[in-house]
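Structure, as structure tokens:
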Amino acid sequence: MLHFNFDYYRPSSIDEAVELFDKLDQDGKKPIYLSGGTEITTLGRLNQVFTKAVIDVKGIPECNVLDYKQDSVVVVGAALTLTQVWESKILPLLGEACVRIGDRTSRNQITLGGNLASEIIYREAVLPLLLSNSTFVVAGIEGIRQLSVHKIFKEKLRLKRGEFLVQIKVDGKYRKMPFYIEKKRKSERVDYPLITLEALKVDRSIRLAISGLCAFPFRSYEMEKELNNTDISIEERIDRAILRIPAPVISDIRGSREYRIFVLRNTLLDALIYLGGVRA
Amino acid sequence: MKRYRVIGKSVLKKESWDKVSGRVKYIDDHQEVGTLHVKLLTSTYAHAYIGNVDTTEAWKVPGVRAIVTGKDYPLLIGTTIKDRPLLAFDKVRYYGEPIAMVIADTEVIAIQAVTLICVEYKPLRVVNSPVEAYQKDAPLVHDQIEQYLIDQDADTTGTSGGIRPVPGTNIANRQGIRKGNIERGFARSDVIVEEVFSFKQSDHTAIETRCADVEIKKTGEVIIHSASQEPFEMRELISQTFNIDEGKVHVHIPLVGGSFGAKTSVQLEPLAYVASKAVGGRKVRLRNSREEDIVTSPVHIGLHAKVKMGCTRDGKLQAIKLFFLFDGGAYAERAVPVTKAAAFDCTGPYTIDHVWCDSLCMYTNHPYATDFRGFGRTEVAFGVERTIDIMANKLGMCPLEFRLKNAIQPGDTSPTKVLLNKSNLGDIRECLLQLRELIDWDRGQRIDISDRIVRTKGISCTWKNGDPPPGVGAGAILTFNSDGGININCAAIEIGQGTKTVLTQMVAEKMKMDVDDVFIQMEVNTQLSPEHWETAASRTTFLSGNAVLRAVEDAIRQLKRTAAIILKVPVDELEVANKKVYKKTSPSISIDFSEIVYGYIFPDGKVAGTQVVGRGTYMIPGITEMDPVTGRGIQGPEWGVVAQAVEVEFDKRDNTFKLIRAVSVADAGTILNYKGAETQVMGAMNMGLSFATREGFLYDDQGKVLTTQFRSYKVMHYGEQPEYIVRFIENPVKGAPFGSRGLGEHGIMGMPAAVANSLSLAANVSLQQLPLTPEFIWKTRLKAGEVY
Amino acid sequence: MIEKLTLDINGEQWVATVRMADTLLDVLREKLDLTGAKRGCENGDCGSCTVLADGLPVKSCMMLAVDAIGKKLTTIEGLQDTPMQHAFVEKWAFQCGYCTSGFIMNAHALVNQHPDATDEIMEEWLSSNICRCTSYQEIREAVKSVLKEQRFDRKRPRNRR
């Protein structure tokens, strides 16, 4: 039950949406974009989100694209649900990350864009997008921008006021590349992660992205460098990579810092064995 | 083994189709237009003085009808020690404690107004565990315990009486057990083991949160609707607290959406009463959000336990010394009865001549505790059963053999010095022997599946008597329909345990009629039904069942009397079956119920009999005062026993595990409804495993509870459960309906211990805390130098 | 902020005056007296509010009512005599009944969408709902019995009496 009220709009085009936002913003309505709606309902009741106007982007055609042209680019609309992304099998690297978020029924409602723009720290759907150097298509009052994920996603999605995510684009070559994904939880299958780790093998080297370890999801070139150093043993690579974690490891109700590192160690080992054909 | 026609059969629950079609109306499903909504403002501190409570902005929200703060209504209530403010007025003692309430036209408005109330807090030092609470320099949760009234009234004895808080400390009560001579016991022991066990508070999290509606009519009658397990205790409490004639307080309980002990606490109803009063008696509804249900309303008690056990070299237990510091939370309420009951059955079902126990209910700055399934046994069994495994291990004995060797028998005495016999004690040996087969114990307790994976089995034995106070009872009234069908009127609450259906089976059995012709009202109304002790302690079928059977006997007497006159046959030559009264030796001489249940008048005007109304009442005999120091006394009618086992598959590298199998063999006397009993035990087992492996509050260092949603407070989900196997041994109990024992709690009690025993073997370290998370197992192994 | 909207529920058109911020759960229960969906947590965690939108289970506490316009909604009240309901009764797959509507909606959609559901798919779907009374084993047996019966019905030769 939300104890505040708002106006609801459902624009049918990008232009309509951004113009609406601009006007409502100027009218002091603190507008927000809505897609799945799961966060405004659950965080709103706890006073963590407040608005007087929501703009639902699910009616915008570009946000609902699910497209792959042979040997070209995979396009996934931000308004697609995690279940739709997973069931389409259009990009397993992304689908496997989506299917581990929340629970099945919630995934019928949570959208890709919603997860990427989430107020909650995990944003696990970004992991494959970081690994595949994807492009984010973003719309605002100044027009549509297409930019690398690395420019627009730094710890969280850095949108300008009035902007919303329309689609993500990934080079089609990533559809068939080997990858490893594992979500480790405290004990329950339905839970936020201790860590979610996704690793991708491109040619002979490994790319790595992790959520839940630090207060934001990240891809780390420093860690990748250590993991790809074939001159040293696998255990040593992991030890060194751990020294390169880009931010403090969190301690929370799900697990302590030390335990997260223990879990990371084992998960990295499993990832390297799986992808590298390396023996333990 | 006696075979019955209806008793024992898996008769489907009467309310089944209503439940699967969404037709059941639980309390929150009833909506009366014009009902006002109450929302609580709760404390964000665990221990603080309350300064100014500024409601100015809240009053400005349109639709707000009244705001009540603790200072407006400073009142202390409680069913044991009257230590709990209705709404906190000078001090808050736990995170989530109610401070004020807003009554408004809609829930939305009430919430809006609550968020606008400003409270000044002056934080105080927090007592953040029962061990902390016990230290000499601990801050006092209650400065003036000696000034509190203690409700020794109806419960002058039994688990709610003999309560002695210790002034100048955080001890709300101390219950002792002194049996034999503990020094002599340890002197006789060749091997002594002493260990510490602990777990924090947790929660029942029934899917239906607590909710109460109150209306005060112009006549002064108070109409309460509530999802509760104790309508009559509630009526008494409201009547006494607010000085209202009991006859003017009416409590209605609809079908309840799960409870597990949670809904024995009377908390929302007095609040809703005051709220209704504040708006001129208009109907108000006070409903817990999930977060409030977890923290603001009472919780499952926590425990820090020291267990010392002594044994001869050949495995005969001699002595047990137990010291319990229970985390009862900020207010005594029903934590005290739980901690007393924990002491009464503290040894578990074993023969131990020398028993010493001190069970302390500690005040802390945590949410306050209430009944939880098992009522003290689940908690104590964790420590005692783990210690038994440790002891067996030390002796080089098989843990199952050890338990068999020490199993309590008829002729022994309980810790409370009750002489046990075949009737009042279930057969734990037989349970263990059957368990051994079912879990393939002899095939090995520990089996390596691979280098990394190991499968292990752990077992436990537990027992439970009910702990009703002396003088509790129940009543039942039977009325008839014109076709001879029967309606049962009794105040047992249906919380999902299937009690209502079992009662119809009892009537059908005794009347020798079809169970489909016996009806029972699901809702309870204190104005219509005979008084009934709370639906708890796995005693409901015992109490209601006996009352109902007596009502059947009464009805049969009336039916036979009337039939005797009409058929001109002596009463003792008559029998009833199939809705007829007939002559035993010549069954064709008979008369249908339909002809006599509303009375029978001859053509000449002579009345053969009037309407048949069966009445039956029952009170449990033999329950006595319990000595607060020695624990001596009779706390209940009988002990049900259960032997349980859990098989896990453990990953030695990751410290993660899968639950493979869980088995319970219970002596529950005669089983009244097979599927009902089996599924109840399975559900309880699942709850026990969930509690042991996932649940448990986390507090920050200021006592704030961090796990207030299902997202943070994790419970077992579908797919995580093991395969469940349940068997029953049916040794009948004298004096119980058809010889049945209580069963509602037995499935849960030994689960935490059994899974801890299994995992301790797998992980090769002694696990002595709950919940048994992979991180905890990892940490324990690290400390012990156990490396993969 | 307040609007009259029409929802397609159980094949019928229902009209309600709602706040835009009202969730579908709020509207079902408070405006339309369809109280089968329950308020177990209002946070998307327990699943007792589950209804179907175009045949897919959704948690109605996390969906704005206005977002449900144009979707074919099914609530427990719209299920009459279905195999899943029979199975839940026969297999004792509930006790207090509070989570039951949500479980049945989810399970009903599951067997329709995945007539050959494996244990894994069952776990994936059904772990969206919490039950505190049962052991989940009873629910598992109920769902499996429906799948088995459906398979049997499909295999049965058409021209057999």
Carboxylate-amine/guanidinium proximity below 4.0 Å for [X] and [Y]:
{"X": "C:R132", "Y": "B:E695", "value": "yes"}
{"X": "C:R29", "Y": "B:D29", "value": "yes"}
{"X": "C:R140", "Y": "B:E723", "value": "no"}

* Answer whether the closest heavy-atom distance between the side chains of C:Q85 and B:W17 falls below 4.5 Å. =>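 Side-chain contact under 4.5 Å: yes.
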* Asked: Got C:R19 and B:V108 here, is their nearest side-chain heavy-atom distance under 4.5 Å?
  ->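 SC-SC contact between C:R19 and B:V108 confirmed.
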Atom [atom1] of [X] and atom [atom2] of [Y]: how far apart are they, to the nearest 0.5 Å?
{"X": "C:S135", "Y": "B:Y724", "atom1": "OG", "atom2": "OH", "answer": "6.0 Å"}
{"X": "B:R290", "Y": "C:D45", "atom1": "CZ", "atom2": "CG", "answer": "9.5 Å"}
{"X": "C:F88", "Y": "B:S21", "atom1": "CZ", "atom2": "OG", "answer": "13.0 Å"}
{"X": "B:D18", "Y": "C:T100", "atom1": "CG", "atom2": "OG1", "answer": "12.0 Å"}
{"X": "C:W125", "Y": "B:Y718", "atom1": "CH2", "atom2": "OH", "answer": "13.0 Å"}
{"X": "C:T35", "Y": "B:Y26", "atom1": "OG1", "atom2": "OH", "answer": "10.0 Å"}

Looking only at non-hydrogen atoms, find the nearest pair between [X] and [Y] and report the distance.
{"X": "C:W92", "Y": "B:S10", "value": "CZ2-O, 3.7 Å"}
{"X": "C:C41", "Y": "B:F710", "value": "CB-CD1, 4.1 Å"}
{"X": "C:C96", "Y": "B:G258", "value": "CB-N, 3.3 Å"}
{"X": "B:G22", "Y": "C:S101", "value": "CA-OG, 4.0 Å"}
{"X": "B:V20", "Y": "C:I76", "value": "O-CD1, 3.4 Å"}

Given heavy-atom pairs under 4.5 angstrom as the criterion, report whether the side chain, backbone, both or neither of [X] touches chain C.
{"X": "B:V681", "answer": "neither"}
{"X": "B:E720", "answer": "neither"}
{"X": "B:T679", "answer": "both"}

With respect to chain B, which residue among [options] yields the maximal number of heavy-atom pairs within a distance under 4.5 Å?
{"options": "C:M122, C:Q80, C:E90", "value": "C:M122"}
{"options": "C:E138, C:Q137, C:E30", "value": "C:Q137"}
{"options": "C:D81, C:L79, C:I139, C:L34", "value": "C:D81"}
{"options": "C:C46, C:G36, C:C133", "value": "C:C133"}
{"options": "C:Q95, C:E124, C:M84, C:E120", "value": "C:Q95"}
{"options": "C:T82, C:V89, C:T134, C:D33", "value": "C:V89"}

* Checking salt bridge (charged side-chain N to carboxylate O under 4.0 Å, His left out) for the pair B:E107/C:R39: CA distance, chi angles, key distance, verdict? -> CA-CA 14 Å; B:E107 203 176 321; C:R39 295 202 280 172; 3.2 Å; yes
Pick from [options]: which one has the most heavy-atom pairs with chain C under 4.5 Å?
{"options": "B:S690, B:G676, B:A684", "value": "B:G676"}
{"options": "B:E291, B:H30, B:K25", "value": "B:K25"}
{"options": "B:M687, B:E208, B:M716", "value": "B:E208"}
{"options": "B:L689, B:L255, B:D293, B:T205", "value": "B:T205"}
{"options": "B:R23, B:E678, B:M685, B:Q709", "value": "B:Q709"}

* **Residue C:I104 versus chain B: region with a heavy atom under 4.5 Å** =>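 For C:I104, side-chain heavy atoms alone lie under 4.5 Å from chain B.
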* Heavy-atom contact with chain B under 4.5 Å, split by part of C:E42 -> side chain
* Is the CZ atom of B:R661 crowded by more than 12 outside heavy atoms at less than 6.0 Å? ->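 Above 12, so yes.
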